[in-house]
Amino acid sequence: MPELPEVETIVRDLAPFLLNRRIVRVQVWDPLLVRYPGRQDFNRRLTGRIILGWGRRGKYIVGRLSGGLTLLIHLRMTGRLLLNLAPGEKYQRAALDLDDGARLWYCDLRRFGDMWAYWPGEEEHLGGFNALGPEPLSPDFNSRWLAQRLAGRKAPIKALLLDQSLVAGLGNIYVDEALFLAGIFPGRPGGSLGPRELDALAASVKEVLTRAIEGRGTTFRDYRRGLGTPGEFQHQLQVYGRSGQPCLRCGEMLARMRAGGRTTVYCPRCQQ
DNA sequence: CCGTAGACCTGTGTGC
DNA sequence: TGCACACAGGTCTACG
């Protein structure tokens, strides 16, 4: 579900309520949720810690806790992190009680989400977190980086942009939106893009993500902000979810294809 | 190393 | 109404 703008929004929403709070109780009901360490150790490690920092890296939520412990959370497709609970909220998988009486809930319909609680030296257990590429909104992500990493690649640019080691935080919505903005056909082999196209692509990724953060993320179905409200960027989407509808730029019927194993929407006229 | 299909899990929407 | 199938903001793994 959540891509970079959604995770960023959740982190920003929750930070004021979590910073400097002590975790007084940890409950995990879903045995699939905790990836490292075991569930018992996870509870023991977190209980009593103070939340000193609260941030994001790619689509991961990163909590810096007292004692040097890090709490890492990935929401995958349908995970939700909610402060206190909307009435009727289902799929409760875990809860953290804070010392001011608030409760941070983790809910997840499809149960793909993961959490880790690790100390320095235990990074080998973190999977893809170790291999993340640059943050798309940082200067490290630019057309030079793209040129270097895309050289010789035959896979569709759509698939390559979903690879979190190329750039951290893009998912199905914002890849389609960025490729539309850059005027690039999603099926183009990554290595075939020219310098001007790479410039446009890097700029488009930054622009789309910046605007989506301003719009507090895209709510299609599952995504909710930290206090339970939906985002607003769905009203500004140009292509995602709009196949069969007219292109907002040229009027042509938007088409749908499969790329990178994902449904991909594009404009056959604007994206050659 | 590269690229793609299938797996993980639980639900919703669609067509017959 | 029932049933089968496609599809869903993500990643891993296995295989050619």
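Since this is a predicted model, take the numbers as computed values, not measurements. Sequence lines set the chain letters: A, B, ... in the order given, protein chains first and strands last, and positions in each chain run from 1.
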- Note on the structure: Dot-bracket assigned to DNA chain C with the 3.5 Å Watson-Crick/G-U criterion, [ ] for crossing and | for other-strand pairs, is .|||||||.|||||||
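Between C:dA8, B:dG3, C:dG10, one nucleotide has an atom nearer to the side chain of A:Leu160 than all others, and that is B:dG3. Across C:dT11, B:dG11, B:dG3, the shortest atom-to-atom separation from the side chain of A:Leu109 is found for B:dG11. In this structure, of B:dC9, C:dA8, C:dT11, it is C:dT11 that holds the atom nearest to the side chain of A:Lys59. Looking at the side chain of A:Asn172, the nearest of the listed nucleotides C:dC7, B:dG3, C:dG10 is C:dG10.
C:dC5 and B:dG6 are spaced 15 Å apart, taking the P atom of each and rounding to whole Å. Distance noted for atom P between C:dC3 and B:dC8: 24 Å (whole Å). The same atom, P, is picked in C:dG10 and in B:dC1; the two are 26 Å apart, to the nearest Å.
With centres under 5.5 Å and a plane angle under 30° as the test, the ring of A:Phe112 is not stacked against the base of C:dT11.
The number of heavy atoms from other shown groups lying within 6.0 Å of CZ (A:Arg103) is above 12.
Counting all heavy atoms, side chain and backbone alike, A:Glu3 lies closest to A:Ile173 at OE2-N, 2.8 Å.
An OP1 or OP2 oxygen of B:dC9 is reached within less than 4.0 angstrom by no side-chain nitrogen or oxygen of A:Tyr91. For the OP1/OP2 pair of C:dG10 and a distance below 4.0 Å, the side-chain nitrogens and oxygens of A:His74 include no atom meeting the criterion. Here A:Thr78 does not reach the OP1 or OP2 of B:dC9: none of its side-chain N or O atoms lies under 4.0 Å away. Distances shorter than 4.0 Å separate none of the side-chain N or O atoms of A:Gln164 from OP1 or OP2 on C:dG10.
When each of A:Arg93 and A:Arg221 is assigned the nucleotide of DNA chain B bearing its nearest heavy atom, the one mapping closer to the 5' terminus is A:Arg93. With DNA chain B read from its 5' end, the first of the two nearest nucleotides for A:Lys90 and A:Arg153 is the one closest to A:Arg153. Checking A:Leu126 against A:Glu6, the closest nucleotide of DNA chain C that is more toward the 5' end is the one next to A:Glu6.
Cation-pi geometry between A:Arg80 and A:Tyr91 is not satisfied (NZ or CZ under 6.0 Å from the ring centre, within 45° of the ring normal).
The nearest whole Å value for the distance from the CD atom in A:Glu89 to the P atom in B:dG11 is 14 Å. Rounded to a whole Å, the CE atom of A:Met257 is 14 Å from the C1' atom of B:dT4. The interatomic distance linking A:Asp163 (CG) with B:dG3 (C1') rounds to 12 Å, in whole Å. Straight-line distance from the CZ atom of A:Arg76 to the C1' atom of B:dC8: 11 Å, rounded to whole Å. Rounded to an integer number of Å, the gap from CZ of A:Phe129 to P of C:dG10 is 18 Å. Rounding to whole angstrom units, CG of residue A:Leu161 and P of C:dG10 are separated by 13 Å. Atom CG in A:Asp108 sits roughly 13 Å away from atom C1' in C:dT11 (whole-Å rounding). As rounded to whole Å, 9 Å separates atom C1' of B:dT10 from atom CZ of A:Arg111.
In this structure, CG on A:Leu193 lies 9.0 Å from CG on A:Leu160, to the nearest 0.5 angstrom. In this structure, A:Gln271 CD and A:Ile157 CD1 are separated by 12.0 Å, a value rounded to the nearest 0.5 Å. Within the model, atoms CD of A:Gln164 and CG of A:Leu4 stand 9.0 Å from one another, a figure rounded to the nearest 0.5 Å.
Within 4.0 Å of A:Thr219, counting heavy atoms only, lies at least one base atom of the nucleic acid. The residue A:Asp222 sits close to a base: some heavy atom pair falls under 4.0 Å. A:Arg258 comes within 4.0 angstrom of the backbone, heavy atoms only, and of no base. Using a 4.0 Å heavy-atom cutoff across all strands shown, A:Pro156 reaches sugar-phosphate atoms only and no base atom. Residue A:Leu162 is classed as having no contact, given no heavy-atom separation below 4.0 Å to the nucleic acid. Among the protein residues, A:Tyr240 comes within range of the sugar-phosphate backbone only, with heavy atoms under 4.0 Å from sugar or phosphate atoms but none that close to a base. A:Gly171 comes within 4.0 angstrom of the backbone, heavy atoms only, and of no base. Contacts of A:Tyr60 with the nucleic acid, taken as non-hydrogen atoms under 4.0 Å apart, involve only primed sugar atoms and P, OP1 or OP2.
Neither side chain, A:Tyr36 nor A:Glu124, offers a donor N or O lying under 3.5 Å from an acceptor on the other. Between A:Thr263 and A:Arg258, the side chains place a donor N or O and an acceptor N or O closer than 3.5 Å (distance only, hydrogens not considered).
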- Task: Starting from the C-alpha separation in whole Å, work towards a yes-or-no answer on salt bridge (Lys or Arg N to Asp or Glu O under 4.0 Å) for A:Arg44 and A:Asp41.
- Result: CA-CA 5 Å; A:Arg44 268 198 287 270; A:Asp41 288 333; 2.9 Å; yes
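Salt-bridge formation is detected for the pair A:Arg111/A:Asp30: a Lys NZ or Arg NE/NH1/NH2 atom is positioned less than 4.0 Å from an Asp or Glu carboxylate oxygen.
Side-chain N/O atoms of A:Arg110 and base N/O atoms of B:dC9 include a donor-acceptor pair closer than 3.5 Å.
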